[in-house]
Number of protein chains: 2
Amino acid sequence: MANIQEVAKKAGVSVATVSRVLNNHSSVSTRTRLRVESAIKELNYEPSMLGRNLRNSESRLLLVLIPSIANPFYTEIINGIQNTALSHQYNILLCETDSNPKRENIFFNMVKNKLADGIISMDPAVNKQKLTELADNHSIILCSEYDEEGSIPYVSIDSELAAYHAVKHLIQLGNKKIALINSDEKFLYARQRRQGYERALKEYGLPIREEWIYHTTQLDFQDGVHAMRMLLRLEEKPSAVFAVSDTLAIGALKEIKAIGLRVPHDIAVVGFDNIGFSNMTNPSLTTISQPMYKMGSTAATMLIHHIQNRKVESTILDHELIIRESTMG
Amino acid sequence: MANIQEVAKKAGVSVATVSRVLNNHSSVSTRTRLRVESAIKELNYEPSMLGRNLRNSESRLLLVLIPSIANPFYTEIINGIQNTALSHQYNILLCETDSNPKRENIFFNMVKNKLADGIISMDPAVNKQKLTELADNHSIILCSEYDEEGSIPYVSIDSELAAYHAVKHLIQLGNKKIALINSDEKFLYARQRRQGYERALKEYGLPIREEWIYHTTQLDFQDGVHAMRMLLRLEEKPSAVFAVSDTLAIGALKEIKAIGLRVPHDIAVVGFDNIGFSNMTNPSLTTISQPMYKMGSTAATMLIHHIQNRKVESTILDHELIIRESTMG
DNA sequence: GCCATAATTGTAATCGATTACATTTTTTTG
DNA sequence: CAAAAAAATGTAATCGATTACAATTATGGC
């Protein structure tokens, strides 16, 4: 690949002039501009991002941190991020962290090293301390999962309220024995959703029974299967289940069927996220829909504003209860 | 962030010595090494990738091109790529192309500009010509989808044979009216899978009926739903369906149920890919399992070898038929 | 203690761009 | 037509690292 020197030589001008042509400076005469442009074409020259970034301290690249691409929850969010970023001439790079601090570190370093201009983190297990440190000097936005006390701007939904709505829906259908399949409560969203679950139960005078609250380690289908298996082994079985993610809920559906019970007749199920699959299950899944595309585009806009040193404020978006077959016979 | 100059000044040495410490050169005395190391710690210094890359023409970053992260097919492949890359001190960046040439171009440029060392492309709609041009001077591997005549090394499976196996399985269960839900035959895998389908039918003396072959534009669940709906409207309905992707097959399952028919009793269904969800559907899905992790790790190994100027040869991996409820009562 | 040799360390060029400032060329004006 | 002002272009420093080569210091042999 040719470099700017060769273009300059071929066009019979200095590198400065070539650079001016590249960056559309007005102070180049039409005649030289044309000469330079034809030299660029002839040599098939494309400017090196590396050299440019080094000089400009800007890469126009945004990093999106997700724990795993296996989780379909992120799909629409990423779409939102991507489209918004592109419309501002930014590109995004997806970084799978596996919630592994070492990998995260690599991506943090990319920002420190100006290989990327900012980060949208959706990893609930991210190292908050390191992230906060990084946020002192760099642009970072949290999406979906956030830190209540932290100083990093975020966009998310009101998980507590959403869970409350989900459980209230189950109660209003006549369920009195409602189980919760939660993930690890080290995650904020898990704590919030549990609170919403408990608030709904309390409000309707229903008891909170610890044995009806099951915690999974991850969010895979298999975790849902296993959680449901445990709940169905209880002396007093629940008549409804609220799972904090659709993947868990779908695993639960599978296990309920496997054991010969019917949904929603014997056990009603509500999920959370409204992933694409939730409408493909049998029965289709009642769930809480997060405004995922909006969340992504908001996060991207916030990040870009932050990079431009504009003020950004954390945002809470609305959710919606999507009622399908798993709660309505 | 401190730079190498400041470290040098603080340690009372030259930048060359600092660089030597950073790169573990043996010619640094223990005493100066310690002085430099403590200066690095004190200043919280981390070397700039940008400066380093510019000098070394190496980024140790690999690009992975996928059309969409929504397709769960890529999940395990990416795992394989990621782990292999990491074990060779390479990091990967996921690039969603949306099969959009403009976006692809951005990522191609990253390689040209030394922002990344190579590409693994899994986008079947990738611009073959541009890719081939790029492959002249850069390291590129095709994964899963490839070009028969092209010169770019690939790793894939024998789609024709796999489809043949899938359809043969249906035939051996007694099915004589077998439909094919295929995707657009502009894709090589679609053409190959159709060939396998036809070979199996021919071998057993069954007719190939065009109305039983449905082409979808994409691979979403909805496309499967729609395809199945069309097939079920036919005068003479098929008794079995082979879909070239699990997502299509799952959509088909949904539609069969919706119309009141039973799987596999009325219609047997076979998918392709063995995505995580295929075991969560009701009934669970018989499918062709691609060795996805292996495919990913092979692709990564090939790419790294190519970057190191070692010889790489295209590879075809084995598939496996996974028999589940959708074909076995 | 002196010289040869080996072990350290430093100097300065380099990678490929951008840009402040200096210089040259062109245009305007009286 | 000369001087002043404006426009166009060039020179060289800069971003942050690496490394060939040069220079210095340490070590060993006699």
Side-chain angles (χ1 to χ4, degrees), chain A residues 1-40 43-61 109-117 137-138, chain B residues 1-40 43-61 109-117 137-138:
Chain A
M1 267 284 288
N3 61 16
I4 200 171
Q5 322 274 353
E6 303 174 41
V7 174
K9 187 185 288 178
K10 168 144 249 152
V13 298
S14 73
V15 292
T17 303
V18 177
S19 177
R20 286 189 194 103
V21 170
L22 290 172
N23 295 285
N24 269 316
H25 285 220
S26 53
S27 69
V28 182
S29 73
T30 316
R31 214 154 50 90
T32 31
R33 155 163 281 121
L34 289 173
R35 274 226 311 286
V36 170
E37 275 166 356
S38 83
I40 287 175
L43 292 175
N44 225 321
Y45 164 79
E46 300 188 50
S48 153
M49 293 172 136
L50 228 44
R52 186 172 274 178
N53 293 353
L54 177 60
R55 182 60 221 235
N56 288 354
S57 292
E58 183 195 58
S59 65
R60 298 205 83 83
L61 245 32
N109 278 338
M110 285 185 65
V111 175
K112 279 194 202 161
N113 294 330
K114 315 274 185 177
L115 274 189
D117 293 348
N137 305 307
H138 299 277
Chain B
M1 267 285 289
N3 62 14
I4 199 171
Q5 322 274 353
E6 304 175 39
V7 174
K9 187 185 288 178
K10 169 144 249 154
V13 297
S14 73
V15 292
T17 302
V18 176
S19 177
R20 283 192 271 260
V21 170
L22 291 172
N23 294 286
N24 269 316
H25 286 220
S26 54
S27 69
V28 182
S29 73
T30 316
R31 214 156 50 91
T32 30
R33 155 162 280 119
L34 290 173
R35 272 224 313 286
V36 170
E37 275 166 354
S38 82
I40 288 174
L43 292 174
N44 226 320
Y45 164 78
E46 300 187 50
S48 152
M49 294 172 135
L50 228 43
R52 188 173 271 178
N53 294 354
L54 177 59
R55 182 59 221 233
N56 289 353
S57 291
E58 183 196 58
S59 65
R60 298 205 83 82
L61 245 33
N109 278 338
M110 284 186 67
V111 175
K112 279 195 204 159
N113 294 330
K114 315 272 186 179
L115 275 189
D117 293 347
N137 306 307
H138 299 276

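In what follows, chains are A, B, ... by sequence order, proteins preceding strands, each numbered from 1. These numbers come from the heavy atoms of this one structure, side chains and all, not from hydrogens, waters or symmetry mates.
Contacts of B:Leu54 with the nucleic acid, taken as non-hydrogen atoms under 4.0 Å apart, include base atoms. Here A:Val13 lies in heavy-atom contact (under 4.0 Å) with sugar-phosphate atoms only. Contacts of A:Ser48 with the nucleic acid, taken as non-hydrogen atoms under 4.0 Å apart, involve only primed sugar atoms and P, OP1 or OP2. In this structure, A:Thr17 reaches the sugar-phosphate backbone alone: every heavy-atom distance under 4.0 Å involves primed, P, OP1 or OP2 atoms, never a base.
The base of C:dG16 does not come close enough to the side chain of B:Arg55 for any donor and acceptor atom to sit less than 3.5 Å apart.
The interatomic distance linking B:Asn53 (CG) with C:dA17 (C1') rounds to 15 Å, in whole Å. Rounded to whole Å, the distance from CD1 on B:Ile40 to C1' on D:dA17 is 13 Å. Rounded to whole Å, atom C1' of D:dT14 lies 12 Å from atom CG of A:Asn56. B:Ile4 has its CD1 atom 14 Å from the C1' atom of C:dT11, to the nearest Å. Between the C1' atom of D:dC15 and the CG atom of A:Leu115 lies a distance of 14 Å, rounded to the nearest Å. Rounding to whole angstrom units, CD of residue B:Glu58 and P of D:dT18 are separated by 11 Å. When rounded to the nearest whole Å, the span between CZ of B:Arg20 and C1' of C:dT8 equals 8 Å. A:Gln5 has its CD atom 8 Å from the P atom of C:dA17, to the nearest Å.
Put simply, the side chain of B:Leu115 does not reach to within 4.5 Å of the side chain of B:Leu61, judged on heavy atoms.
With the nearest nucleotide of DNA chain C identified for both A:Leu50 and B:Ala16, B:Ala16 has the one nearer the 5' end.
At least one side-chain nitrogen or oxygen of B:Asn23 sits closer than 4.0 Å to the OP1 or OP2 atom of D:dT18. Between B:Arg52 and D:dT18 there is a side-chain polar atom (N or O) within less than 4.0 angstrom of OP1 or OP2.
The side chain of B:Ser14 sits closest to C:dG10 out of D:dT19, C:dG10, D:dT18.
Contacts between residues 28-39 of chain A and DNA chain C, defined by a heavy-atom separation below 4.0 Å, involve no residue at all.
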